[in-house]
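Encoded as structure tokens, the structure appears first; notes follow it.
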Amino acid sequence: MMGKIVEHFISGLQQDCEQLRNQRDISKFDSEARKKKEGKLYQLLSELIETERKYVADLEEVCIDYSSLIGRNQTYTSTDGKKLCKVKRNRSCINLQTENLKKNFDTEVCENLDLSFDLLAPSQQEVRQMLGNIEDIKDYHKKVLLPKMEEAVGDSKLMRALFQAEQPRLSKKYGRYCINNTRASIIIEQYIKFFSLYQFNKGIKLRIDGMLIKPIQRLTRYHMFLTSLSKTCKQLGFNEAAEDFASACDFISSAASHTNTMMWIGKMDNCPLDLSNQGQLLKHGQVLTRPLTGSAKKGRKWSTSSQKASSCHLFLFQQTVVLCKTSENCKDHLHYVDHISVNKVRIRDTIGEDLNIFEIHKLEDIKFGMSVMREPNISKGDTESVVAMRLECLSEDEKEVWVRAINSEIKQLRHMAKTLSSQFLLMS
């Protein structure tokens with residue numbers, strides 16, 4: 001079936017080259033070299049589909065292999081009818097797995113694996129954090145991308161349209177997975193002996209880190225396939241198809257660039273947030289932080305004793321604004337400074353005579369003894385705000401872009417909250 005589809009694709013492309021056949025030496029098109037190129041084109045299209053099917057199978061395998069560690073299809077009851085505490089509920093399934101592993105191995109095997117019976121086991125929550133949204137990615141590829149790819153393999157225009165349409169979803173799903181990669185690596189390293197014994201007991205071929213790296217590599221593989229397809233089509237004279245595959249490759253490159261950014265953000269030091277749960281990254285860029293004046297600065301981590309501006313990086317997620325500093329030795333290394341939930345943000349975009357500065361205020365009940373600067377209320381009502389960040393952009397235009405982006409997200413969240421509140425009132 002696959003062979004017939006690809007042969008039909010090549011046959012259709014050959015019809016587009018009739019003018020070239022008439023204008024050039026026919027021997028060039030009928031040579032052995034051309035046949036090899038057509039064979040390569042067939043092989044590339046076949047491998048694209050086959051590797052996608054294998055990828056879906058691998059994702060299904062890791063979800064099945066480790067599902068028991070997150071308590072799927074498990075029920076928990078206590079003998080006295082009382083609720084078990086949260087810690088015990090989270091670890092009961094893992095502890096049961098650990099006991100089963102111990103029973104299935106003798107001491108000599110464990111010594112050869114450099115493992116101890118006294119294993120530190122991860123909680124269900126930690127296993128979920130380690131796996132991230134891999135099940136969501138599995139369902140997406142199995143139910144959406146693979147079927148559409150099988151339909152599009154015989155038509156370069158359909159392939160281009162496929163990756164163009166799916167680029168936003170690929171960016172979102174793989175971005176969330178990649179930003180969680182550092183957290184997942186820490187969990188694997190902490191419990192590597194447990195996962196090694198679990199792998200050996202279950203007969204799993206690859207280590208857990210070897211399985212979890214596959215989604216990170218997948219977008220790169222798409223790029224490789226589409227680049228090779230475009231190059232091969234161009235060599236065969238299928239110029240229109242070559243442009244289609246090149247365009248599809250551009251959409252994948254855009255998604256890969258976003259996931260690389262998310263991977264970089266995920267390496268942030270000392271961040272108390274689960275960044276994978278902050279929604280999609282909407283905007284990021286360098287800013288300068290201006291120290292507050294006329295008030296105590298205790299607690300303002302981003303302020304400095306010097307009056308000079310400090311270079312920082314600002315990230316706007318759907319739910320949170322995050323401010324970071326970069327290391328002096330390594331400008332690409334992020335250090336967490338502060339964050340504010342978007343639903344508690346108010347923007348003040350006019351600060352004195354400097355048109356490049358704006359302030360992010362935090363709406364909250366000011367607690368006694370809090371070392372922050374009080375600001376007059378901007379809007380009506382009794383809501384109080386404190387200056388959380390004073391930021392300077394390189395230009396007024398850049399400042400306006402930041403202000404519009406943050407205000408737009410604030411507006412969406414408030415509209416959503418208002419809608420949910422109205423629905424709740426109607427139901428009550």
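Just so it is clear, the structure is predicted and the values come from calculations on it, not from any experiment.
The pair D155-K157 fails the salt-bridge criterion, with no side-chain N (NZ, NE, NH1 or NH2) lying under 4.0 Å from an Asp/Glu carboxylate O. Comment: E243 does not engage R160 in a salt bridge, judged by the lack of any side-chain N to carboxylate O separation of less than 4.0 angstrom. Salt bridge present: E359 and R390 bring a charged side-chain N and a carboxylate O closer than 4.0 Å. A salt bridge links K173 with D136: the closest approach of a Lys/Arg side-chain nitrogen to an acidic carboxylate oxygen falls below 4.0 angstrom. With salt bridges taken as basic N to acidic carboxylate O contacts below 4.0 Å, one links R53 and E150. Salt bridge annotation for K205-E61: absent, with no cationic side-chain nitrogen under 4.0 angstrom from a carboxylate oxygen.
A pairwise comparison of heavy atoms in K234 and A242 identifies N-CB, 3.8 Å as the closest pair. Between K325 and C312 the shortest heavy-atom distance is CG-SG, 3.5 Å. Minimum heavy-atom separation, C393 to W402: SG-CD1, 3.8 Å. Between V342 and F317 the shortest heavy-atom distance is CG2-O, 3.8 Å. Across all their heavy atoms, P147 and K143 have their closest contact at CG-O, 3.7 Å. Smallest separation of non-hydrogen atoms from I252 and L219: CG2-O, 3.5 Å.
Using a 4.5 Å heavy-atom threshold, the side chains of K54 and E50 count as separate. By the 4.5 Å heavy-atom criterion applied to side chains, S257 and T259 are not counted as neighbours. The closest side-chain heavy-atom distance from F251 to P168 is not below 4.5 Å. Side chains of T51 and F225 form a contact here, defined as non-hydrogen atoms less than 4.5 Å apart. Residues L323 and L391 form a side-chain contact, since some pair of their non-hydrogen atoms from C-beta on lies under 4.5 Å apart. Using a 4.5 Å cut-off on side-chain heavy atoms (C-beta onward), Q318 and L413 make no contact. Two residues are said to be in side-chain contact when any heavy atoms from C-beta on lie closer than 4.5 Å; L212 and M130 meet this criterion. Side-chain contact check for Y198 versus L69: some heavy-atom pair is nearer than 4.5 Å.
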For I410 and R346, run side-chain contact (heavy atoms from CB on, under 4.5 Å): C-alpha distance rounded to whole Å, both residues' side-chain angles, the deciding distance at 0.1 Å, then the answer. CA-CA 8 Å; I410 293 172; R346 172 187 286 160; over 6 Å; no

Stepwise, does the side-chain contact (heavy atoms from CB on, under 4.5 Å) test hold for F238 with L41? CA-CA 11 Å; F238 305 151; L41 181 60; 4.2 Å; yes

Is there a side-chain contact (heavy atoms from CB on, under 4.5 Å) between L394 and N356 once you walk through the steps? CA-CA 7 Å; L394 296 178; N356 297 346; over 6 Å; no

Please test I213 against I216 for side-chain contact (heavy atoms from CB on, under 4.5 Å), starting from the C-alpha separation and ending with a verdict. CA-CA 5 Å; I213 197 68; I216 296 175; 3.9 Å; yes

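Taking OG1 of T289 as the reference point, atom CG of L314 lies at 10.5 Å (rounded to 0.5 Å). Within the model, atoms CZ of F194 and CD1 of I208 stand 11.0 Å from one another, a figure rounded to the nearest 0.5 Å. The CG atom of L48 lies 12.5 Å from the CD atom of Q43; values are rounded to the nearest 0.5 Å. Atom CD1 of residue I179 and atom CG of residue N181 lie 11.0 Å apart, to the nearest 0.5 angstrom. The distance from the CG atom of L146 to the NZ atom of K148 is 12.0 Å, given to the nearest 0.5 Å. To the nearest 0.5 Å, atoms CD (Q319) and OG (S341) are separated by 8.0 Å.
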For residues 262-269, dump all side-chain donor-acceptor pairs below 3.5 Å to protein atoms at least two apart in sequence or in another chain.
from : atom 1 : to   : atom 2 : distance (Å)
W264 : NE1    : D332 : O      : 2.4
D269 : OD1    : H333 : NE2    : 3.4
D269 : OD2    : H333 : NE2    : 2.6

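Remark: aromatic rings of F315 and H313 are close, center separation under 6.0 Å.
For the pair R348 (side chain) and F358 (backbone), a donor-acceptor distance under 3.5 Å is absent. With hydrogens and angles ignored, the 3.5 Å screen pairs no side-chain donor or acceptor of E166 with any backbone N or O of F163. Using modelled atom types, one side-chain atom of K399 and one backbone atom of L355 make a donor-acceptor pair closer than 3.5 Å.
The number of heavy-atom neighbours closer than 6.0 Å to CD of Q412, taken from other residues, nucleotides and ligands shown, is above 12. Taking a 6.0 Å sphere around NZ of K172, one finds it holds 12 or fewer heavy atoms contributed by other residues, nucleotides or ligands.
Note: Y222 and H141 have parallel aromatic rings, judged against thresholds of 30 and 60 degrees for the angle between ring planes.
Remark: R169 fails to qualify as a cation-pi partner of Y140 under the 6.0 Å distance and 45° angle criteria applied to the six-membered ring.
Side-chain contact, S171 with Q167: a donor N or O sits under 3.5 Å from an acceptor N or O.
Checking each of T232, L226, L44 against F245 for a side chain to side chain contact (heavy atoms under 4.5 Å, CB included) leaves exactly one that passes, namely L226.
Annotation: side chain to side chain donor-acceptor pair (under 3.5 Å) contacts of D274 (sequence neighbours excluded): S276, N277.
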